[in-house]
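The structure appears right after this line, and notes come after that.
All heavy atoms count here, side chains included; hydrogens, waters and symmetry mates do not. Just so it is clear: chains get the letters A, B, ... in the order the sequence lines come, proteins before strands, and each one is counted from 1.
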Amino acid sequence: MEGEVMEKVRVRYAPSPTGPLHIGGARSALFNWLFARHHGGAMILRIEDTDLERSSRESETMILESLRWLGIDWDEGVDVGGENGPYRQQQRLHIYEPYVRELLNSGQAYECFCTAEELEEERQELMQQGKMPRYLGKCRSLTGEEKERLRSAGRKPVIRFLVPAGKKLIVDDLVRGRVEFDSDDIGDFIIIKSDGLPTYNFAVVVDDALMGITHVIRGEEHLSNTPRQLLIYEALNFPLPQFAHVSLILGEDRSKMSKRHGATSVLEYRKQGYLPEAMVNFLALLGWSPEGEREIFSPEELIRLFSLERVSKSPAVFDLGKLNWLNAHYIKQLPPARLTELCLPYLLEAGLLKPEALGDKMSWLEQAVAAVQEKMEYVSQAPDLLAVFLEEKTEIESGDKTAQKILELETTPGVIAAFTEKAGKMTEWDSETVRRLLGEIGKELGVKGKALFMAVRVAVSGRSYGPDLNTLLVLLGPAAAARRAQDILEKIS
RNA sequence: GGCCCCUUGGUCGAGAGGUUAAGACACCGCCCUUUCAAGGCGGUAGCGCGGGUUCGAUUCCCGCAGGGGUCACCA
């Protein structure tokens, strides 16, 4: 493969700005980007906004933001410009024109004046006959006179591509191999809509050809569109790019990923506190695998290793559990200061921190964050994880059976009382003194192990789980720890 | 329904005629541990079915089944 790529690789990601960037789109973009970077080629970002109804600038902005967040950049395209612009199809209308004329003149395309009703009627008829609906070419041989009559009657025509009969169409796909289609299965399809805008199948070909795209890497849902595009490449005498159709990403029930499978947009994952490096790593492994047994890869490594040969043909289920594992891995690698920054917005939003009280608390907060870093899977868990440190009042966690049991031990009230009493008097308070304090209590009351440490843990946090007890106590400070313990003591007596 | 793609454990997946069928997530167990995790070690679990081809098929071919995609004036 390496040897076959003689000309400079040029790939593109061409989203339709009709919503946020989805997981599947992100992976397509990533594969294109990895391929381009691997081969020292160019990545192009084109916006396919020929659907006036559904396209929006807001969606475009979200998509660009998502790509940037993932660390995917582009050499040509929207926002950065380039020699082959403009990069929004709405701004390229004049470019399509001559090609449409060419097809019209050579008789490879024709105007169709059928109304939606007529088309619907034809469709129904075919269905009743047990045939599949497809355009039968009613307007293929309209005379100029007839066309004028329809035109003056207010009909706005579309332009259809005249599909030649009995033609084998072969897609030589880099991931699927040779795939064959028959032109007889394809009805004359629309290339220019009645609003004058090109359809996807037409614009994509003209743009890919004019932009010098060498490899079209996209989702498998486009495979069955490819024969139509092949027809246009041929009609316009454009050189063919190489195609690579990557399998879809499925939800847990093995159907195509959709909103009911939970979060599907990249921005939602960002919001939940997933790290871009984890997302990229995860997406890369969904449908592609490197040689060897590693699972953790930096973008640079992915670029070095990536190849289309190792792209899987079968669809992949989106496994949130694995994403969580990867994300937890990357969170563990973060410097506590950085993680703290990331946690801040969530803590503020949860009301666990007051913005004004932040300044002198930062280094303390950083230690608290460090104490829970290893159990965090995604950053939006920060409020839950850090509540033990930040809560005003401690409630006994309902449903925490272990905590309940500890509180019922007959030794517990004594332990808590002793702790409250002694902690209040401490002048020094660090890991070592806290350790000694607990030891003393244990010795004096003849209590040890769980009955001692768990009792204190539950007393100061209301929970049977949480960060390392010593760290928890040290960060809480003697006053707060004693106050909480006192509070719990009153609750249970 | 036509056409097209896909089929290795719960999931991602390695494998490309002869293997004890990698590895990872999840799960279970043990170790570590002043909790829960993390970490270390170990374990359970898989080639959809039926025909071929072959000395031998997870691997090649054909059917079937199942899943998915596509058949728009959406991309």
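Nucleic acid contact for A:Ser314: sugar-phosphate only, since backbone atoms but no base atoms lie under 4.0 Å from a heavy atom of the residue. Nucleic acid contact class of A:Leu469 (heavy atoms, under 4.0 Å, all strands): base. At a threshold of 4.0 angstrom between heavy atoms, the contacts of A:His245 with the nucleic acid are absent. A:Asn225 comes within 4.0 angstrom of a nucleotide base, judged by non-hydrogen atoms across all strands. When heavy atoms are screened at a 4.0 angstrom cut-off, A:Gly219 is found touching no nucleic acid atom at all. At the heavy-atom level, A:Gly321 lies under 4.0 Å from the strands shown only through sugar-phosphate atoms. Across all strands, A:Asp319 comes closer than 4.0 Å to base atoms (heavy-atom distances). Using a 4.0 Å heavy-atom distance criterion, A:Glu252 is classed as making no nucleic acid contact.
In this structure, A:Gln229 atom CD and B:U70 atom P are separated by 14 Å, rounded to whole Å. Between the CD1 atom of A:Ile191 and the C1' atom of B:A75 there is a distance of 17 Å, given to the nearest Å. Remark: P of B:C4 and CZ of A:Arg176 are 14 Å apart, rounded to the nearest angstrom. As a whole-Å value, the separation of A:Asp468 CG from B:U33 C1' is 10 Å. One atom, CG of A:Leu52, and another, C1' of B:A75, lie 13 Å apart when rounded to the nearest Å. Straight-line distance from the CZ atom of A:Arg46 to the C1' atom of B:A75: 11 Å, rounded to whole Å. Atom pair A:Ile186:CD1 and B:C71:C1' shows a separation of 10 Å (rounding to whole Å applied). Across the protein-nucleic acid pair, A:Ile232 atom CD1 and B:A75 atom C1' stand 14 Å apart, rounded to whole Å.
Side-chain contact of A:Arg228 with A:Ser183: a donor-acceptor pair under 3.5 Å is absent, judged by distance alone. For A:Asp207 and A:Gln89, the side-chain atoms include at least one donor-acceptor pair closer than 3.5 Å. Side-chain contact check for A:Asp253 and A:His261: at least one donor-acceptor pair (N or O, by modelled atom type) lies under 3.5 Å. Residues A:Thr226 and A:Arg218 have side chains that bring a donor and an acceptor to within less than 3.5 angstrom of each other. Judged purely by distance below 3.5 Å, without hydrogens or angles, the side chains of A:Thr61 and A:Glu58 never pair a donor atom with an acceptor atom. A:Tyr274 and A:Asn324 are linked by a side-chain donor-acceptor pair at a separation below 3.5 angstrom, with hydrogens and angles left out of the test. Judged purely by distance below 3.5 Å, without hydrogens or angles, the side chains of A:Tyr465 and A:Asp400 never pair a donor atom with an acceptor atom.
Phosphate contact (OP1/OP2 of B:C12, side-chain N/O of A:Lys322, threshold under 4.0 Å): absent. Within the structure, a side-chain polar atom (N or O) of A:Thr50 is placed less than 4.0 Å from OP1 or OP2 of B:A75. Residue A:Lys193 places at least one side-chain N or O closer than 4.0 Å to OP1 or OP2 of B:C74. Note on A:Arg310: a side-chain N or O is less than 4.0 Å away from OP1 or OP2 of B:G15. OP1 or OP2 of B:U11 lies within a sub-4.0 Å distance of a side-chain N or O belonging to A:Arg254.
Listed nucleotides: B:U34, B:G69, B:C73. Nearest to the side chain of A:Arg160: B:C73. In the set B:C4, B:C12, B:A72, B:C12 carries the atom at the smallest distance from any side-chain atom of A:Val317. Nearest nucleotide to the A:Trp325 side chain, out of B:U11, B:A75, B:A24: B:A24. Out of B:C71, B:C4, B:C12, the shortest distance to the side chain of A:Ala316 is found at B:C12.
Within residues 289-299 of chain A, the residues having any heavy atom under 4.0 Å from RNA chain B are, by residue number, A:Ser289, A:Glu293, A:Glu295. Of all the residues in residues 328-336 of chain A, A:Lys332 reach under 4.0 Å from RNA chain B with at least one non-hydrogen atom.
When A:Ile190, A:Ile159, A:Leu103 are each tested for a side-chain contact (heavy atoms from CB on, under 4.5 Å) with A:Phe202, only one passes: A:Leu103.
Searching all strands for a Watson-Crick or G-U wobble partner of B:G46 with both distances below 3.5 Å returns nothing. Applying the Watson-Crick and G-U wobble criteria (two distances, each under 3.5 Å), B:U35 pairs with nothing in any strand. Under the Watson-Crick and G-U wobble criteria, each requiring two contacts below 3.5 Å, nucleotide B:G1 is paired to B:C71. With a cut-off of 3.5 Å on both Watson-Crick or G-U wobble distances, the partner of B:A65 is given as B:U7.
Relative to the six-membered ring of A:Tyr13, A:Arg46 misses at least one condition, a distance below 6.0 Å or an angle of at most 45° to the axis.
With both ends at atom P, the span from B:G67 to B:G48 equals 16 Å, rounded to whole Å. A distance of about 47 Å separates the P atoms of B:G39 and B:G51, rounded to the whole Å.
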What verdict does the salt bridge (Lys or Arg N to Asp or Glu O under 4.0 Å) test give for A:Arg27 and A:Glu220, after you've listed the backbone C-alpha separation in whole Å, the side-chain angles of each residue and the deciding distance to 0.1 Å? CA-CA 12 Å; A:Arg27 195 201 42 180; A:Glu220 195 197 327; over 6 Å; no
How far apart are the C-alpha atoms of A:Arg92 and A:Glu48, what are their side-chain angles, what is the distance that settles it, and do they pass the salt bridge (Lys or Arg N to Asp or Glu O under 4.0 Å) test? CA-CA 10 Å; A:Arg92 297 174 62 78; A:Glu48 310 218 326; over 6 Å; no
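Residue pairs meeting the ring pair (Phe, Tyr, Trp, His ring centres under 6.0 Å) criterion with at least one partner in residues 431-462 of chain A, sequence neighbours excluded, do not occur; the list is empty.
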